[in-house]
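Read through the structure below, which is laid out as structure tokens, and then see the notes.
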Amino acid sequence: GYPQDLLKLLDVMDIAPQEDDQAVLTGLMYAFPEMIVLDYNQEMFGNNQWPHGLIDGCVFEGQGPESPLSHIYTLTEPLII
């Protein structure tokens, strides 16, 4: 999408600091399915498998100090980790 789409989504979310962001986004996905696209391959947002611990849960690796981090399974390079 475009930056203005993300800004619109954040405005519609109207989330309070104590609310669960994933629960709010799940509700929005059902109410406004055209606003939500799932990032199955972690191309935009990447996260580690933290329940597996600091070592085994890390699913990103780099090839040097100037290279982007790559997901070890999907080989994508998410913009935000």
Side-chain angles (χ1 to χ4, degrees):
Y2 297 97
Q4 64 266 23
D5 294 333
L6 182 56
L7 292 172
K8 180 180 177 185
L9 176 64
L10 292 173
D11 187 50
V12 171
M13 283 177 67
D14 191 31
I15 190 169
Q18 69 276 11
E19 287 185 278
D20 181 346
D21 61 326
Q22 292 184 7
V24 171
L25 285 167
T26 298
L28 285 175
M29 185 172 67
Y30 287 108
F32 305 102
E34 70 281 357
M35 291 185 76
I36 307 291
V37 175
L38 298 179
D39 185 20
Y40 287 110
N41 291 324
Q42 297 189 25
E43 294 173 5
M44 182 175 281
F45 298 100
N47 63 314
N48 285 308
Q49 299 174 0
W50 60 267
H52 297 287
L54 292 175
I55 304 299
D56 294 334
C58 184
V59 294
F60 294 95
E61 61 183 20
Q63 301 300 319
E66 300 296 320
S67 70
L69 295 175
S70 299
H71 192 283
I72 60 175
Y73 301 117
T74 64
L75 305 178
T76 57
E77 298 171 351
L79 298 173
I80 300 169
I81 298 178

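Please read these numbers as outputs of a predicted model, since none were measured by experiment. What's counted below: heavy atoms across the whole structure, side chains too, no hydrogens, waters or symmetry copies.
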Determine which pairs satisfy ring pair (Phe, Tyr, Trp, His ring centres under 6.0 Å) with at least one residue from [range], sequence neighbours left out, and list them in order.
{"range": "residues 5-24", "value": "none"}
{"range": "residues 10-30", "value": "none"}
{"range": "residues 36-55", "value": "none"}

Taking only residues two or more places apart in sequence or in another chain, which ones pass side-chain contact (heavy atoms from CB on, under 4.5 Å) with [X]?
{"X": "Val12", "result": "Lys8, Leu28, Phe32, Met35"}
{"X": "Ala16", "result": "Gln18, Glu19"}
{"X": "Met29", "result": "Ile36, Leu38"}

(message) Is the shortest side-chain heavy-atom distance between Leu25 and Leu9 below 4.5 Å?
(response)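 They are in side-chain contact.
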Using distance only, find each side-chain donor-acceptor pair of residues 54-64 under 3.5 Å and give its atom names and separation, not counting sequence neighbours.
none

(request) Treat each ILVMFWY residue as a node, draw an edge where side-chain heavy atoms are under 4.5 Å apart, and state whether Ile80 and Met44 are in one component. (result) yes
(request) Quick one: pull up CD1 in Ile15 and CG in Leu10 and give me the separation to the nearest 0.5 Å. (result) 9.5 Å
(request) Could you grab the distance from atom CG of Asp21 to atom OG1 of Thr26, nearest 0.5 Å is fine? (result) 9.0 Å
(request) Under the side-chain hydrogen bond (donor to acceptor under 3.5 Å, both in side chains) rule, collect the residues that match up with Thr74, sequence neighbours excluded. (result) His71, Thr76
(request) Please check if atom CD in Gln4 has more than 12 non-hydrogen atoms from other residues, nucleotides or ligands closer than 6.0 Å. (result)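 Buried by this count: over 12 neighbours within 6.0 Å.
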